[in-house]
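Scroll down for the structure; my scribbles are underneath it.
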There are 2 protein chains.
Amino acid sequence: MPKGILGTNESMLPLPRRPIVVRRLHGAEPCASCDARPNSVCSAIDDRDLERLAAVAVVSKAEPGRAFINEGERATSFFNVTAGTARLFKLLPDGRRQITGFAGAGHFLGLAVSDTYAFSAEAIGLVFYCRFARPRLREVLDDFPALERRLLGVASNELVAAQEQMLLLGRKTAKERVASFLLARSVETPPCTGPVQRLSLPMTRSDIADYLGLTIETVSRTLTRLKMDRVIGIPNISDILIHDQHALEALAGCGG
Amino acid sequence: MPKGILGTNESMLPLPRRPIVVRRLHGAEPCASCDARPNSVCSAIDDRDLERLAAVAVVSKAEPGRAFINEGERATSFFNVTAGTARLFKLLPDGRRQITGFAGAGHFLGLAVSDTYAFSAEAIGLVFYCRFARPRLREVLDDFPALERRLLGVASNELVAAQEQMLLLGRKTAKERVASFLLARSVETPPCTGPVQRLSLPMTRSDIADYLGLTIETVSRTLTRLKMDRVIGIPNISDILIHDQHALEALAGCGG
DNA sequence: CGAGCAATTGAGACAAGTCAAAGCTGGTGG
DNA sequence: CCACCAGCTTTGACTTGTCTCAATTGCTCG
């Protein structure tokens with residue numbers, strides 16, 4: 001079990017400076033041309049009503065390593081990631097970290113009744129996102145029930161994923177956790193299907209460890225073992241080749 | 001880490017017979033007189049519209065140990081627990097079990113976009129609940145946006161709780177897990193506030209273990225140690241006295 | 001080319017798991 | 001009313017998967 005002081009030796013950037021607001025345009029432009037819209041809740045809104053949504057969206061970006069949501073702070077906004085990947089996490093007072101998920105393009109963040117954020121979000125690499133002031137989005141939701149319905153769907157799916165992750169954290173072995181993680185990434189990476197699938201892992205080993213409830217060393221050793229067993233290939237630090245999908249599924253124990 | 005074949009030695013009842021339908025009344029009666037309504041999503045509907053909801057609710061009960069939701073089965077209904085407590089869990093193929101939560105009076109179950117249930121629900125003791133056929137509830141939701149909004153709130157809260165549980169499962173020690181569990185139960189048990197709070201634990205040690213990602217033995221040993229340290233008292237198997245709330249909070253590391 | 005950081009590898013420690021044996025407790029029947 | 005059974009819980013002795021600590025290797029970028 002996690003014993004030591006830190007569950008992470010993640011770089012702590014000195015200044016969590018406020019992220020930069022990139023632009024705030026009029027018209028439907030930012031939403032109409034958004035690459036992430038098809039995968040996001042925003043697709044619940046028709047093209048012709050898009051101006052309404054765009055009017056309350058503030059397009060922003062966060063530099064690598066920068067936090068744009070801080071656990072415990074007053075929750076004034078919702079977010080929608082449009083490009084890049086963010087790590088979502090909670091900390092214990094002594095610095096142990098649990099990553100609860102990774103948010104990619106289309107991911108909606110900030111759902112909570114509470115008036116403070118329940119987790120932090122930090123950019124891995126460069127992250128672009130839309131920010132919606134809560135009261136403004138509330139108004140839009142009143143006008144577009146389809147959007148609210150869509151949010152309920154998103155929340156339900158996240159809940160299912162969270163339960164799957166609880167199973168992983170509470171009952172799976174290190175090998176099963178790593179296998180499950182790779183599989184889950186693999187189903188989220190449909191493009192470029194060939195004989196062997198290539199995964200790119202934008203996050204560090206430390207991120208993976210804190211997501212799977214393990215240490216960096218155990219993640220590294222487990223990946224090495226999977227490589228030795230010819231189940232995966234590791235051409236470089238941030239890429240994984242899945243040589244034997246079936247073996248991986250058998251190791252994962254079950255879904256996800 | 002969990003190693004052996006079983007994460008549980010829970011009694012497996014031989015026949016998961018269908019639970020008994022108790023009654024299906026006309027008028028607003030079952031909902032209007034429902035003890036669980038104040039704590040449940042149903043309170044989003046006005047007294048005068050209650051007939052509408054009551055018309056689609058089927059009041060049922062499940063005997064102790066009986067399952068009324070089975071992971072993987074076609075999800076045809078939503079549920080609302082009105083009395084008793086149910087354990088919600090997921091299983092691995094070899095029988096290891098992770099309890100993802102306990103559902104008490106007012107708890108809404110079955111939120112999922114997927115067409116199969118993501119978890120099982122089993123009665124601990126006698127459980128009463130309302131069952132709503134999905135399409136019927138869908139119609140009610142269309143008529144009462146407040147109910148749908150309420151559901152989004154419920155889902156958001158569950159998501160926050162799930163993230164807290166991931167932190168517990170991924171990064172906390174056995175002592176911290178047990179302390180967190182007792183504290184969480186204590187905040188959900190506001191009545192009868194005295195110098196020492198009395199918790200009743202309707203679930204078995206095996207349930208607690210499978211909820212906290214531990215074994216029965218570790219749960220038992222940890223409770224004993226807390227008793228030795230005068231932090232809690234254990235008058236009998238299903239009751240806990242909290243002698244030192246502050247010590248418990250310090251041990252829990254943080255919230256929940 | 002070398003500083004700096006992330007990842008890997010090795011050796012040893014320990015928290016929690018496994019296996020096994022009592023101890024309780026509640027229900028049943030003689 | 002008590003003996004006995006069955007199941008849950010507690011306790012003890014030992015094992016082990018994962019963590020900790022400590023190098024070493026490998027990348028990236030100036």
Think A:T204 has a side-chain N or O under 4.0 angstrom from the OP1 or OP2 of C:dA6? no
Provide, to the nearest angstrom, the distance between the CG atom belonging to B:D207 and the C1' atom belonging to D:dG7. 14 Å
Can you list, by residue number, the residues of residues 218-235 of chain A that have a non-hydrogen atom closer than 4.0 angstrom to DNA chain C? A:S220, A:R221, A:T224
Between A:R171 (CZ) and C:dG17 (C1'), how many Å, whole number? 10 Å
Atom-pair distance (CG on B:L212; P on C:dA15), nearest Å: 19 Å
Closest of C:dA16, D:dT18, C:dA7 to the A:R205 side chain is C:dA7
Nearest-Å distance for atom pair CG/P, residues A:L201 and C:dA6: 16 Å
Going by distance alone, is a donor N or O of one side chain under 3.5 Å from an acceptor N or O of the other, for B:H243 and B:Q197? no
Determine, for A:F89 and A:R97, whether the Lys NZ or Arg CZ falls below 6.0 Å from the six-membered ring centre while staying within 45 degrees of the axis. yes
Centroid-centroid under 6.0 Å between B:F68 and B:Y129 rings: yes
Rounded off to whole Å, could you give me the CD1-to-C1' distance for the A:I216 and C:dG10 pair? 16 Å
What integer distance in Å separates B:R177:CZ from C:dA16:P? 7 Å
Measure the distance from CG on B:L214 to P on D:dT10 and round it to the nearest whole Å. 14 Å
Under a 4.0 Å threshold between the charged nitrogen and the carboxylate oxygen, would A:K90 count as salt-bridged to B:E164? yes
Is any side-chain heavy atom of A:I242 closer than 4.5 Å to a side-chain heavy atom of A:L199? yes
If you look only at distance, which donor and acceptor atoms sit under 3.5 Å apart when one is on a side chain in residues 222-241 of chain A and the other is two or more places apart or in another chain?
unit_1	atom_1	unit_2	atom_2	d
A:T222	OG1	A:T218	O	2.6
A:T224	OG1	A:S220	O	2.8
A:N236	OD1	A:S238	N	2.9
A:N236	OD1	A:S238	OG	3.3
A:N236	OD1	A:D239	N	3.3
A:N236	ND2	A:D239	OD2	3.1

Before you tell me yes or no, could you show the steps for B:R131 and B:S60 under side-chain hydrogen bond (donor to acceptor under 3.5 Å, both in side chains), namely the whole-Å CA-CA distance, both residues' side-chain angles and the distance that decides it to 0.1 Å? CA-CA 7 Å; B:R131 194 163 57 75; B:S60 312; 4.6 Å; no
From NZ of A:K172 over to P of D:dG17, roughly how many Å is that when rounded to an integer? 19 Å
Nearest-nucleotide 5' precedence on DNA chain D, A:I237 against A:K175: A:K175
Mapping B:E217 and A:E217 onto DNA chain D by nearest heavy atom, which one lands closer to the 5' end? B:E217
